[in-house]
2 protein chains.
Amino acid sequence: MLWLRWASYSQEPMDIREIARRAKVSTATASRAINRVSTVDPQLAKRVWKVVDELGYYPNTQARALVSGRSRIFGLIVSEFTNPFFPEIVQTFENLAVGNNYEILLTSTVNDPRRMELSVRRMIERRVDGVAILTFGMEETLLEHLRFRSVPLVFVDVGPDVRGIANIRINYQNGIRQAVQHLAALRHTRIAFVAGPLHLKSALARQEAFKASMIEIGLPPELIVVGDHRLEGGMRALIEIGRLNTRPTAVLCSNDMTAIGVMRQAYDQKIKIPDDLSVVGFDDIRMAEFTMPPLTTVQMSQKDLAKIAFQALLNEVEGRSTSHERHEYELTTNLVLRLSTALAPAGRPSTTPPKRVGASRFRKVSTTVQSD
Amino acid sequence: MLWLRWASYSQEPMDIREIARRAKVSTATASRAINRVSTVDPQLAKRVWKVVDELGYYPNTQARALVSGRSRIFGLIVSEFTNPFFPEIVQTFENLAVGNNYEILLTSTVNDPRRMELSVRRMIERRVDGVAILTFGMEETLLEHLRFRSVPLVFVDVGPDVRGIANIRINYQNGIRQAVQHLAALRHTRIAFVAGPLHLKSALARQEAFKASMIEIGLPPELIVVGDHRLEGGMRALIEIGRLNTRPTAVLCSNDMTAIGVMRQAYDQKIKIPDDLSVVGFDDIRMAEFTMPPLTTVQMSQKDLAKIAFQALLNEVEGRSTSHERHEYELTTNLVLRLSTALAPAGRPSTTPPKRVGASRFRKVSTTVQSD
DNA sequence: CATAGCGTGGAAAACGTTTGCTCCTTTCAC
DNA sequence: GTGAAAGGAGCAAACGTTTTCCACGCTATG
């Protein structure tokens with residue numbers, strides 16, 4: 001039994017020196033053998049590996065990081081794990097990390113400035129090799145703490161005003177235009193929009209995209225209600241919409257949770273979806289597929305987002321990013337048709353509805369990232 | 001501007017020796033001041049802190065861990081982040097970690113033995129102070145690797161066959177009995193059960209609890225269909241149930257995703273919930289509140305689970321666990337009434353339905369854990 | 001006034017790696 | 001046969017902390 005074999009060593013210091021001693025080589029050679037670096041006589045290497053296996057030796061990462069100056073940790077700062085937008089991102093990010101022999105230090109800010117500061121502090125204290133920031137409202141001074149230590153940084157959607165930092169821009173316009181056109185093709189003319197908290201850049205951008213798309217198509221972008229990107233806001237929004245003089249026949253929401261709130265409120269009020277009201281979401285979180293009916297929504301691929309973020313970090317840290325332009329990435333959004341949209345209550349389609357659009361793609365797909 | 005002030009130091013080695021030098025004390029004193037350990041002259045301490053703030057010094061955690069022998073990291077191994085059961089757990093766990101000045105090393109196994117091995121390897125390599133294991137099918141030999149290094153371990157629901165390891169037992173019986181009795185009170189006599197993958201201990205335990213509860217109440221526990229704990233399995237299960245000779249009027253599911261699958265299939269088949277069919281889930285994931293109608297389900301509090309796990313780890317590592325019994329914890333389950341259950345199609349209630357049951361509680365609530 | 005005792009600061013030894021440098025051995029070419 | 005070149009192994013110095021041990025000075029006490 002394995003355990004018994006170990007038991008005999010159990011009190012001894014199981015470090016690389018012990019390995020070297022037993023393999024009758026120097027620690028330098030043992031280290032080189034273990035890391036398969038430089039050339040070491042196959043004979044010796046085999047001896048080292050044998051001892052490593054026998055003793056169940058695991059190198060001490062902190063010592064290694066200390067001397068090598070690289071921790072092989074990427075930080076990932078999100079706002080809240082319970083936000084359904086993140087699980088897929090975190091999972092993809094971790095998969096990539098594992099494939100590239102990195103670890104992730106995951107922290108959440110729960111929208112608390114103090115927690116945000118703690119997050120940054122942790123990142124620095126652990127000397128992470130890079131940080132992906134997927135939360136909003138990072139204070140300038142915190143940022144500087146990281147920049148000062150020249151920690152590679154990737155932001156999502158902060159806009160072009162921060163320089164020298166990799167930035168993933170989201171193309172909201174594309175998906176939202178598709179959504180509006182889709183609804184128009186279904187003869188909807190009174191289309192409402194439930195916005196998110198407008199102090200968030202992303203929420204504001206979505207609203208602007210809605211307005212632009214409506215104008216583009218010749219409809220008035222007037223029916224706008226403000227929600228909170230949560231279920232409750234969606235429910236309230238539909239109540240508010242019900243009070244309007246001109247009742248809309250379709251609702252476009254700033255995110256999926258809002259849309260689910262709208263559907264939930266509709267369910268309570270016996271409003272039939274999609275017969276009486278068409279609903280479109282934004283994000284395409286997992287849950288969107290499971291609602292009843294399944295939600296037509298604008299997909300912002302969380303997988304792709306995670307892939308870009310990781311790749312960007314990897315580029316920085318491996319020093320592959322030389323040109324200035326490489327710091328800008330873009331993620332496009334696309335409409336995903338499901339069953340929450342249908343013909344406007346009193347109408348008939350003039351054109352065939354647009355065909356189903358594939359998953360979003362991003363530029364700068366790398367071939368060096370392993371795993372999925 | 002802050003940045004400019006830093007700029008002047010930007011090339012220098014900002015370590016504790018630099019701090020000591022500038023504060024004109026020894027590194028020993030600097031360390032003691034920073035860690036507020038032992039007594040150091042307030043005058044000197046103030047000088048040290050002043051320099052720390054000015055330079056924006058952050059201690060190097062790896063060096064600290066190396067010499068102190070404690071990493072202040074807890075490992076958390078889950079199966080998949082995208083499993084809706086985990087977000088709440090991870091969030092709570094992290095909140096507690098932050099409050100107690102710990103970090104978490106989060107890994108997922110995606111049910112891949114290789115990934116599981118990698119997870120364990122990472123935990124050991126980072127010299128974590130403890131590991132909470134929330135995934136199933138951990139191989140015995142991997143376990144021994146951890147035990148050999150006497151890493152404190154907390155398991156969820158492995159049963160009593162592993163000794164010397166903290167273990168959180170789930171009381172499935174309590175909640176499931178409540179669910180069955182609730183349905184019976186609503187005049188349901190034909191109650192079906194959609195089981196999970198029976199090679200999982202937890203799924204098997206739930207099924208056993210169902211059988212026992214049915215027998216207890218004088219009903220035959222015969223209508224059992226096997227699902228997969230995922231949406232698809234639930235959908236398939238309802239189809240299968242539809243083919244049975246004796247059509248059940250209520251379905252109890254082994255987890256919430258299954259229940260949502262059942263509801264989804266019912267939606268497609270125009271079966272009305274709860275009018276035609278009552279549905280009960282298990283777990284009480286976030287989404288259960290958002291389905292249409294909201295799902296009546298057995299709550300297994302993810303928050304409490306995370307709290308227990310964290311507290312158990314803390315007990316181990318702070319050396320507070322002396323008695324043998326302390327290694328066993330229990331989490332009870334309780335029915336949460338929502339709107340997916342109603343009177344059986346052709347019946348009238350004989351008794352008043354049971355009153356709403358509060359959130360689950362666990363033994364050994366600690367008062368030493370800070371934050372939430 | 002001398003001495004014991006205590007509290008405080010500093011020098012230096014860890015912690016477990018990687019890695020620059022040196023030295024030795026071997027090989028190969030002339 | 002001699003020289004240089006190449007390649008592989010080992011010594012020892014880092015990396016940035018904590019912590020042990022010791023010395024010093026101050027206070028209180030006999």
Side-chain angles (χ1 to χ4, degrees), chain A residues 9 12-49 51-52 55-73 101 121-122 124-129 149, chain B residues 9 12-49 51-52 55-73 101 121-122 124-129 149:
Chain A
Y9 305 130
E12 310 180 16
M14 220 176 32
D15 56 10
I16 201 174
R17 288 173 297 214
E18 180 67 19
I19 302 293
R21 211 170 299 133
R22 293 188 191 241
K24 304 209 189 310
V25 296
S26 70
T27 60
T29 305
S31 169
R32 284 191 272 253
I34 288 171
N35 294 305
R36 305 179 199 283
V37 69
S38 168
T39 47
V40 34
D41 183 39
Q43 190 79 14
L44 294 190
K46 213 156 98 188
R47 281 216 316 261
V48 171
W49 277 106
V51 178
V52 165
L55 261 64
Y57 164 76
Y58 291 77
N60 183 324
T61 324
Q62 9 221 37
R64 176 180 293 189
L66 190 59
V67 50
S68 75
R70 307 222 299 130
S71 63
R72 298 205 75 87
I73 302 182
N101 202 19
R121 167 169 288 276
R122 266 141 208 275
I124 298 178
E125 285 183 349
R126 283 278 170 213
R127 303 293 191 267
V128 298
D129 291 341
R149 287 170 185 72
Chain B
Y9 305 128
E12 309 180 16
M14 221 177 27
D15 57 10
I16 201 174
R17 287 171 299 212
E18 181 67 19
I19 302 292
R21 212 169 299 135
R22 293 186 189 243
K24 305 215 187 307
V25 296
S26 71
T27 60
T29 306
S31 171
R32 284 191 275 250
I34 288 171
N35 295 305
R36 305 177 198 282
V37 70
S38 168
T39 47
V40 34
D41 182 40
Q43 190 78 16
L44 294 190
K46 212 156 99 185
R47 277 206 333 249
V48 171
W49 276 105
V51 178
V52 165
L55 261 64
Y57 163 75
Y58 292 77
N60 183 324
T61 324
Q62 7 224 34
R64 175 181 295 190
L66 190 59
V67 50
S68 75
R70 308 222 299 131
S71 63
R72 297 204 77 87
I73 302 181
N101 202 18
R121 166 169 291 274
R122 268 143 205 275
I124 297 179
E125 285 183 348
R126 284 276 171 215
R127 303 291 191 265
V128 297
D129 291 341
R149 287 169 183 73

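Letters go in sequence order (proteins before strands), and every chain restarts at 1.
Partners of Ile19(A) according to the side-chain contact (heavy atoms from CB on, under 4.5 Å) rule, which considers only residues two or more places apart in sequence or in another chain, are Val48(A), Val51(A), Val52(A), Leu55(A), Tyr57(A). In this view, Arg126(B) and Glu103(A) satisfy the salt bridge (Lys or Arg N to Asp or Glu O under 4.0 Å) rule, not counting sequence neighbours. Under the side-chain contact (heavy atoms from CB on, under 4.5 Å) criterion, Arg17(B) pairs with Asp15(B), Arg21(B), Thr27(B), not counting sequence neighbours. Contacts of Arg70(A) classified as salt bridge (Lys or Arg N to Asp or Glu O under 4.0 Å), with partners at least two apart in sequence or in another chain: Asp129(A). Looking at residues two or more places apart in sequence or on another chain, you find a salt bridge (Lys or Arg N to Asp or Glu O under 4.0 Å) between Arg121(A) and Glu125(A). Residues satisfying the ring-ring contact (aromatic ring centres under 6.0 Å, His included) test with Tyr58(B), not counting sequence neighbours, are His145(A).
Taking the nucleotide of DNA chain C with the nearest heavy atom to each of Ile34(A) and Val67(B), the more 5' of the two is matched to Val67(B).
Arg47(A) places its CZ atom 9 Å from the P atom of dG10(D), with the value rounded to the nearest Å. Whole-Å rounding puts the Arg21(A) CZ to dA9(D) P distance at 19 Å. As rounded to whole Å, 18 Å separates atom P of dG16(D) from atom OH of Tyr58(B). The interatomic distance linking Met14(A) (CE) with dG16(C) (C1') rounds to 12 Å, in whole Å. Distance Asn60(A) CG to dG16(D) C1': 14 Å, rounded to the nearest Å. With rounding to whole Å, Glu18(B) atom CD is found 16 Å from dC15(D) atom C1'. Counting to the nearest Å, the P atom of dT17(C) and the CZ atom of Arg64(B) are 21 Å from each other. When rounded to the nearest whole Å, the span between CZ of Arg127(A) and P of dC15(D) equals 13 Å.
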Counting primed atoms plus P, OP1 and OP2 as sugar-phosphate and everything else as base, spell out the protein contacts along nucleotides 7-12 of chain C at 4.0 Å heavy-atom distance: B, S or - for each nucleotide, 5' to 3'. -SBBB-
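In the set dG16(C), dT18(D), dT17(C), dG16(C) carries the atom at the smallest distance from any side-chain atom of Leu66(A). With distances taken from any side-chain atom of Arg17(A) to the nucleotides dT19(D), dT18(C), dG16(C), the minimum falls on dG16(C). Taking the side chain of Asp15(A) as heavy atoms from C-beta on, and the options dT18(D), dT19(C), dG16(C), the nearest nucleotide is dG16(C).
Taken from CG in Leu44(B) to CZ in Arg32(B), the straight-line distance is 11.0 Å, to the nearest 0.5 Å.
Sequence neighbours left out, not one pair with a member in residues 57-68 of chain B passes salt bridge (Lys or Arg N to Asp or Glu O under 4.0 Å).
OP1 or OP2 of dT18(D) lies within a sub-4.0 Å distance of a side-chain N or O belonging to Asn35(B). Distances shown here put a side-chain N or O of Ser31(A) below 4.0 Å from the OP1 or OP2 atom of dT18(C).
Across its full length, the helix from dC1(C)-dG30(D) to dC30(C)-dG1(D) shows an angle of 50° between the axes of its 5 terminal pairs at either end, rounded to 10 degrees.
When all heavy atoms are compared, the tightest approach of Ala20(B) to Ala30(B) is CB-CB, 4.0 Å.
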